[in-house]
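Each chain gets a letter, A, B and so on, in the order its sequence line appears, and its residues count up from 1. Note that the structure is predicted; figures quoted are calculated from it, not measured.
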Amino acid sequence: EKTKHKDGSSEKHKDKHKDRDKEKRKEEKSKSSGDVKIKKEKENGFSSPPRIKDEPDEDGYYTSPKEDSKPLKRPREEDDEDYKPKKIKTEDIKKSKKRKQEEEEDNKSKKTKSKDKRAPEGDNKKKKQKKEEEQKWKWWEEERYPEGIKWKFLEHKGPVFAPPYEPLPENVKFYYDGKVMKLSPKAEEVATFFAKMLDHEYTTKDIFRKNFFKDWRKEMTSEEKSTITNLSKCDFTQMSQYFKAQSEARKQMSKEEKQKIKEENERLLKEYGFCIMDNHKERIANFKIEPPGLFRGRGNHPKMGMLKRRIMPEDIIINCSKDSKVPPPPPGHKWKEVRHDNKVTWLVSWTENIQGSIKYIMLNPSSRIKGEKDWQKYETARRLKKCVDKIRNQYREDWKSKEMKVRQRAVALYFIDKLALRAGNEKEEGETADTVGCCSLRVEHINLHPELDGQEYMVEFDFLGKDSIRYYNKVPVEKRVFKNLQLFMENKQPEDDLFDRLNTSILNKHLQDLMEGLTAKVFRTYNASITLQQQLKELTTPDDNIPAKILSYNRANRAVAILCNHQRAPPKTFEKSMMNLQTKIDAKKDQLADARRELKIWLHKKKAVQRIEEQLMKLEVQATDREENKQIALGTSKLNYLDPRISVAWCKKWGIPVEKIYNKTQREKFAWAIDMAEDDYEF
DNA sequence: ATGGACACTTAGCAGAGATGGA
DNA sequence: TCCATCTCTGCTAAGTGTCCAT
């Protein structure tokens, strides 16, 4: 079967590729550039997964949101039998029944017993305790709603709008073509957006300037429009200096002033930062509406510089329950709409003007609604673990298929699995930066080398992925994959799709047939979590002290970040900070030498020596960690890909305080995992 | 199939706030 | 105590994936 070309595809991309990415820094970042050494015996758990206990898990495996039986009317009961032994199921029901009872008792006690208990202690204390109890709500021990229903009661105060524009003082002038010009308030506001960005490189970019100028002119009066015809003749320097002075002044503010601002923020948070969802007060993630400004996408974005308009109450859709107190719009304004849709999780939405997409106000990751979903995500990944071998065998078979479509699907899936590539939905051209994922890879993004660096069948990837982060990697592949790639590339232009018979919806449909709930992104979650678990096993040395163990943890985390290509710009002061640390190490070494010398004289100084030795070790570990982490971002995988129960179990097993691994916010997000995972948890 | 609307997760970065050493 | 540095948080862009109409 011959590869078919998409109509006109060879023309399609030419233009936009010409001036692609002058984004130096991002270009320079590449997978290979972080010369980090990790133990890497396997690609990513691709070969044999670690041995696991054969007995059923006790830790929620079978009682996950998705898996849990009773109250949920699940669509495909029979399917579960494949991966869930009957025995377990009954056990599960028993367990959950028991749990339910406990809950009920618990609830009763909350209402009655707790009151009684606290009655003698006075009002203040009572309130405080109640609050604490609320915070400790274990939603993961409660029954869940039937699929589709997200809540029964929802009440909130609506969004906080961006502060109104404050005109510039009279003495801050704008010049056009050398002459002072007083701008109308609207034009002035948009001008200040540009002035604030003057130091940024992108105000020098053609597209940015063009887009900005076009949108700015829309805000001008007709006189302004006829005068201001050339952006290069605009002089924003006074404005720019004024804002710099302002931010300087903000830094110099007295303690009292700062305190006042802090209190005001806290008040705002207290009033608008929470909602009531089904009897519980939950934190809202982003209750503030995005302020107007100039859009700066990431990478080489065709819309950079466009005006992001001010959102008004008239743009806002409020979602809450019928029986709740609907938040009032600001005086003199109306909401666009108030609806009562409990099939969705958002409280507020509006349409943004750059891409025309919808933005939402939703709950914090610590909330029940987000947590359940997160938990469920990891359970799906764990189900994949059980059938991944079968799936791998299947796609290897499919490499030989007679159908081109099947072969492409199989090779793409191999990449997604082996390299943790993203799915790669198609994107509307000209609307966004030119980035790709697996299914949208083009011929120009890979290079085939029958032999490279002494290895056979090498594929060299070089493309911009999400956020225009460069993915650069050279990987040996199996001969069959290599031959298939050659076939897919035959008679194609560089701009043509590599997988021209494939897209994400075809792929996901296929995955759905292999396992319920399986989509391309599940492979990323699965491979990330399994890699962490494996690396932790390999890297943790039982006799190490805590800092050394944490270094091991970070290395395991780093292995995942590298797999997922989570990069960051090396911190601006990286070299310096590294040097400082080295200086400290040297000083500590001197100190140690001194102390040792003294030790000879005063043996009782032993303690001091030990302490210093420990400090030195800590510093050296810190240096290693920092060096290895130069351009790796650990946060993303920690927050989104790694089953938190793996980390919690590791902490419990080795006596590491969980605070060393997760900060406060993270502990809130992963409260469910911290509560339920034991030291023997297996992903 | 294709495309658009929609909902929700994942992502890096800037600036605020916390920390710790001189 | 001050300042430099490090860590965390907020922000919002940019993905994924589903559903529905055509």
Side-chain angles (χ1 to χ4, degrees), chain A residues 25-26 29 148 150 200 247 250-251 258 261-262 265 269 273 284-291 293 295-299 301 303-304 308 317 319 341 343-346 349 351-352 354-365 369-370 373-374 376-377 422-428 431-433 435-440 464-469 501 503-509 511-512 517-522 524-525 528 561 564-569 571-574 576-578 580-581 583-584 587 622 626 631-641 662-666 668:
Chain A
R25 193 176 48 61
K26 293 216 168 135
K29 291 202 262 179
K150 305 297 171 72
H200 260 108
S247 72
R250 227 172 301 129
K251 274 183 216 153
K258 281 184 182 166
I261 291 174
K262 203 175 159 193
N265 284 337
L269 174 68
I284 298 169
N286 55 327
F287 58 92
K288 288 179 185 159
I289 300 270
E290 298 171 20
F295 178 81
R296 166 65 174 108
R298 315 225 170 108
H301 198 116
K303 299 198 169 186
M304 65 170 84
K308 210 171 99 165
I317 302 176
N319 192 34
D341 182 357
K343 308 271 189 298
V344 296
T345 67
W346 53 268
S349 77
T351 301
E352 152 270 351
I354 303 289
Q355 320 274 354
S357 64
I358 306 167
K359 300 254 181 165
Y360 303 93
I361 291 182
M362 293 181 184
L363 297 193
N364 197 70
I369 213 159
K370 293 291 183 188
K373 201 77 188 298
D374 205 36
Q376 183 181 313
K377 174 182 76 188
R422 294 188 185 83
N425 283 311
E426 44 285 56
K427 307 165 52 178
E428 219 178 318
E431 293 292 300
T432 59
T435 62
V436 297
C438 185
C439 293
S440 49
L464 298 183
K466 184 178 182 181
D467 295 318
S468 293
I469 295 290
R501 306 286 179 89
N503 61 39
T504 52
S505 94
I506 295 172
L507 177 63
N508 281 333
K509 229 166 256 158
L511 293 176
Q512 198 57 228
L518 186 60
T519 60
K521 80 196 269 280
V522 179
R524 248 169 105 80
T525 312
C564 294
N565 201 35
H566 292 143
Q567 299 192 23
R568 63 169 188 178
K572 275 171 234 118
T573 54
F574 185 81
K576 207 173 101 200
S577 128
M578 234 23 239
N580 285 347
L581 199 51
T583 313
K584 279 188 207 166
Q622 203 185 347
R626 190 176 304 168
Q631 24 185 233
I632 307 296
L634 299 185
T636 303
S637 49
K638 210 185 228 184
L639 241 39
N640 299 303
Y641 289 103
Y662 291 130
N663 69 29
K664 189 165 138 288
T665 317
Q666 296 169 157
E668 275 164 21

Rounded to whole Å, please give me the gap between OH in A/Tyr662 and P in C/dT7.
18 Å
For nucleotides 15-18 of chain B, print each protein N/O atom paired with a nucleotide N/O atom at under 3.5 Å, atom names and distance only.
none

Parallel, tilted or perpendicular: ring planes of A/Tyr360 versus A/Trp346, cut at 30 and 60 degrees
tilted
Please give, in whole Å, the distance from B/dA5 C1' to A/Glu431 CD?
14 Å
Classify the nucleic acid contact of A/Lys303 as base, sugar-phosphate or nothing, counting any heavy atom under 4.0 Å across all strands shown.
nothing
Residue whose nearest DNA chain B nucleotide is more 5′ - A/Glu428 or A/Ile506
A/Ile506
Classify the nucleic acid contact of A/Thr345 as base, sugar-phosphate or nothing, counting any heavy atom under 4.0 Å across all strands shown.
sugar-phosphate
Under 4.0 Å protein heavy-atom contact, by nucleotide of nucleotides 10-16 of chain C - B base, S sugar-phosphate only
SSBBBSB
CH2 of A/Trp346 versus P of B/dT9: gap in Å, rounded?
15 Å
Atom-pair distance (CG on A/Leu511; C1' on C/dT18), nearest Å
15 Å
Spell out, as yes or no, whether a donor-acceptor pair under 3.5 Å connects the side chain of A/Asp341 to the backbone of A/Asn319.
no
Who are the side chain to side chain contact (heavy atoms under 4.5 Å, CB included) partners of A/Ala528, not counting sequence neighbours?
A/Val560, A/Cys564, A/Tyr641, A/Leu642
Phosphate-side-chain proximity, A/Thr636 and B/dG12, N/O vs OP1/OP2 below 4.0 Å:
yes
A/Lys638: partners by side chain to side chain contact (heavy atoms under 4.5 Å, CB included), with sequence neighbours left out
A/Tyr553, A/Asn557, A/Ile661, A/Tyr662, A/Gln666
Contacts of A/Lys303 that satisfy salt bridge (Lys or Arg N to Asp or Glu O under 4.0 Å) - sequence neighbours left out:
A/Glu431
Can a donor-acceptor pair be found between the side chains of A/Thr345 and A/Lys370 at a distance below 3.5 Å?
no
Protein-nucleic acid N or O pairs under 3.5 Å, nucleotides 19-22 of chain C:
none

In terms of the nearest nucleotide of DNA chain B, which residue is placed more toward the 5' end: A/Ser637 or A/Lys509?
A/Lys509
Sequence neighbours left out, what passes side chain to side chain contact (heavy atoms under 4.5 Å, CB included) with A/Ser357? Give chain and number order.
A/Glu352, A/Gln355
Quick one: A/Ile469 CD1 to B/dT10 C1', roughly how many Å, whole number?
13 Å
Between atom CG in A/Leu639 and atom C1' in B/dA11, what is the gap in whole Å?
10 Å
Considering residues at least two apart in sequence or located in another chain, which fulfil the side chain to side chain contact (heavy atoms under 4.5 Å, CB included) criterion with A/Thr665?
A/Asn663
Flag for A/Thr504-A/Asn425: side-chain donor and acceptor within less than 3.5 Å
yes
Expressed as a whole number of angstroms, how long is the span from A/Lys150:NZ to B/dC8:C1'?
8 Å
Taking only residues two or more places apart in sequence, or in another chain, which ones meet A/Lys308 in a salt bridge (Lys or Arg N to Asp or Glu O under 4.0 Å)?
A/Glu290
Is the backbone N or O of A/Lys288 less than 3.5 Å from a side-chain atom of A/Asn286, with the two atoms forming a donor-acceptor pair by type?
no
Residues two or more places apart in sequence or in another chain: which of them pass ring pair (Phe, Tyr, Trp, His ring centres under 6.0 Å) with A/Phe287?
none
Of the candidate nucleotides B/dA7, B/dT9, B/dT10, which contains the atom at the shortest distance from the side chain of A/Lys370?
B/dT9
Is any side-chain heavy atom of A/Leu464 less than 4.5 Å from a side-chain heavy atom of A/Ile469?
no
My understanding is that only residues two or more places apart in sequence, or in another chain, count here; which of them pass salt bridge (Lys or Arg N to Asp or Glu O under 4.0 Å) with A/Lys377?
A/Asp374
Axis bend over the full length of the helix from B/dA1-C/dT22 to B/dA22-C/dT1, computed from five pairs that close each end, to 10 degrees:
10°
Whole Å only: how far is the NZ atom of A/Lys377 from the P atom of B/dT9?
8 Å
Identify the two heavy atoms, one from A/Thr519 and one from A/Leu511, that lie closest to each other, and give their separation to 0.1 Å.
C-CD1, 3.5 Å
Distance check: side-chain N/O of A/Tyr641 vs OP1/OP2 of B/dA11, anything under 4.0 Å?
yes
